[in-house]
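All values derive from a computational prediction rather than experimental measurement.
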Amino acid sequence: MLLKLKGVTIHYETAEAVKGVSLEVDEGAVVGIIGANGGGKSTILKAISGLVPLTEGEIYFKNERIDGLATHEIVNLGIIHVPEGRRLFPHMTVLANLKLGAYLRKDKAAIESDLEVIFKLFPRLKDRYHQKAGTLSGGEQEMLAICRGLMSRPKLLLMDEPSLGLSPIIIEELAKIIKDINKNGISVLLVEQNASLVNEVTDRGYVLEVGKVVLEGNITELMANKLVQRAFIGG
């Protein structure tokens, strides 16, 4: 087991955002968290990253408890968060943003080698490596945000709504990127409202409703569930 949440409850002041959530991510898996806006999905990723404290519950990574650790300590363990909205440094270049993804690494030669690999995989980023990140298209910014995360050599990638604001063609490209990331040995926990993307790339899913897990299991079976279709997909 790579990641395990046990009975996680989170409050924002007096408001209960997450209520006793338990979930697991196996080594090498792509797991989805789906549900309506405001259901607590992003809060769960923030809790794993150490950005919000738990009221109750425990979080384990490789059988070691990590709730209570500082965010940089969690990053050092190999958990990388690609947040909703990309959160790039818009006035810095593509190259500078990528290098910031490796800020905790000391292996300079390996960092340069990883940059070359990323530029081969994402030639559009290579073409724009001196361009300011804020001038890129939405799809290019999402690619940059993901690649910045990959520069840290993660074991687990937390992805929050990566398809937000992207065209269907770019979402298809994003699905291939997530599959390729996973084939290279990186596990993924994906928060996403685009049903087709979730269905294409994930193995297992959890459905959140007002902060609680109401369904879990094989993603194909979940997507066939009428409750899921009505509440979260609009079917």
Side-chain angles (χ1 to χ4, degrees), residues 1-85 87 149 154-164 186-195 197-198 201-219 221-223 225 227-233:
M1 187 62 57
L2 185 66
L3 178 75
K4 186 169 187 174
L5 276 65
K6 296 174 62 177
V8 166
T9 296
I10 301 165
H11 284 80
Y12 289 122
E13 296 182 352
T14 59
E16 192 174 43
V18 174
K19 307 171 184 180
V21 166
S22 296
L23 62 81
E24 298 178 353
V25 179
D26 289 331
E27 191 100 36
V30 181
V31 174
I33 304 177
I34 60 177
N37 280 333
K41 305 184 303 297
S42 296
T43 299
I44 288 172
L45 297 193
K46 289 176 182 176
I48 296 167
S49 299
L51 295 171
V52 296
L54 307 189
T55 306
E56 295 177 9
E58 301 168 352
I59 301 176
Y60 293 86
F61 183 69
K62 291 191 166 183
N63 297 316
E64 297 291 333
R65 191 168 175 179
I66 64 168
D67 54 282
L69 294 181
T71 298
H72 72 274
E73 295 174 309
I74 292 171
V75 169
N76 261 331
L77 293 174
I79 300 175
I80 299 301
H81 191 162
V82 180
E84 181 182 352
R87 304 291 177 88
K155 298 178 179 69
L156 173 64
L157 198 63
L158 310 176
M159 304 183 73
D160 193 353
E161 302 282 7
S163 76
L164 193 66
I186 300 170
S187 303
V188 179
L189 181 58
L190 173 68
V191 162
E192 182 56 66
Q193 289 201 70
N194 185 290
L197 178 61
V198 172
V201 304
T202 62
D203 314 304
R204 179 176 174 79
Y206 294 84
V207 180
L208 253 66
E209 189 174 48
V210 289
K212 293 181 180 179
V213 174
V214 293
L215 290 169
E216 63 178 277
N218 175 275
I219 198 67
E221 294 174 0
L222 285 181
M223 289 300 180
N225 185 289
L227 171 66
V228 175
Q229 291 175 355
R230 280 198 311 270
F232 306 125
I233 306 173

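Side chains of Glu16 and Thr9: no donor on one and acceptor on the other come within 3.5 Å.
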Could you list the donor-acceptor pairs under 3.5 angstrom formed between side-chain atoms of residues 69-81 and any protein atom two or more places apart in sequence or on another chain?
unit_1	atom_1	unit_2	atom_2	d
Thr71	OG1	Ser49	O	3.2
Thr71	OG1	Gly50	O	3.4
Glu73	OE1	Ala70	N	2.8
His81	ND1	Ser49	OG	2.9

Return a table of donor-acceptor pairs under 3.5 angstrom between the side chains of residues 31-45 and protein atoms on other chains or two or more places apart.
unit_1	atom_1	unit_2	atom_2	d
Asn37	OD1	Gln193	NE2	2.4
Lys41	NZ	Gly35	O	3.1
Lys41	NZ	Ala36	O	3.0
Ser42	OG	Asp160	OD1	3.1
Ser42	OG	Asp160	OD2	2.8
Thr43	OG1	Tyr12	OH	3.1

Which atom pairs, one a donor and one an acceptor, fall under 3.5 Å between side chains of residues 52-65 and the rest of the protein, sequence neighbours left out?
unit_1	atom_1	unit_2	atom_2	d
Thr55	OG1	His11	N	3.2
Thr55	OG1	His11	ND1	2.9
Glu58	OE1	Tyr60	OH	2.7
Arg65	NE	Asp67	OD1	2.9
Arg65	NE	Asp67	OD2	3.1
Arg65	NH2	Gly57	O	3.4
Arg65	NH2	Asp67	OD2	3.0

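Residues forming a side chain to side chain donor-acceptor pair (under 3.5 Å) with Ser187 (at least two apart in sequence, or on another chain): none. Considering only residues two or more places apart in sequence or on other chains, Glu27 meets the side chain to side chain donor-acceptor pair (under 3.5 Å) condition with none of them. Checked against salt bridge (charged side-chain N to carboxylate O under 4.0 Å, His left out), Lys46 has no partners two or more places apart in sequence or in another chain.
Using a 4.5 Å cut-off on side-chain heavy atoms (C-beta onward), Leu215 and Asn225 make contact. Leu197 has its side chain within reach of Val201: a pair of non-hydrogen atoms, C-beta onward, lies under 4.5 Å apart. Using a 4.5 Å heavy-atom cutoff, the side chains of Leu2 and Leu156 are in contact.
The CD atom of Glu161 sits 5.0 Å away from the CD atom of Glu192 when rounded to the nearest 0.5 Å.
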Leu3 vs Leu189, test: side chain to side chain contact (heavy atoms under 4.5 Å, CB included). Steps then yes/no. CA-CA 9 Å; Leu3 178 75; Leu189 181 58; 4.1 Å; yes

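Pairing each heavy atom of Asn194 with each of Ser163, the nearest pair is CB-OG, 3.5 Å.
Although no hydrogens or angles enter the test, the distance criterion places no donor-acceptor pair under 3.5 Å between the side chain of Tyr206 and the main chain of Gly217. With hydrogens and angles ignored, the 3.5 Å screen pairs no side-chain donor or acceptor of Glu24 with any backbone N or O of Leu5.
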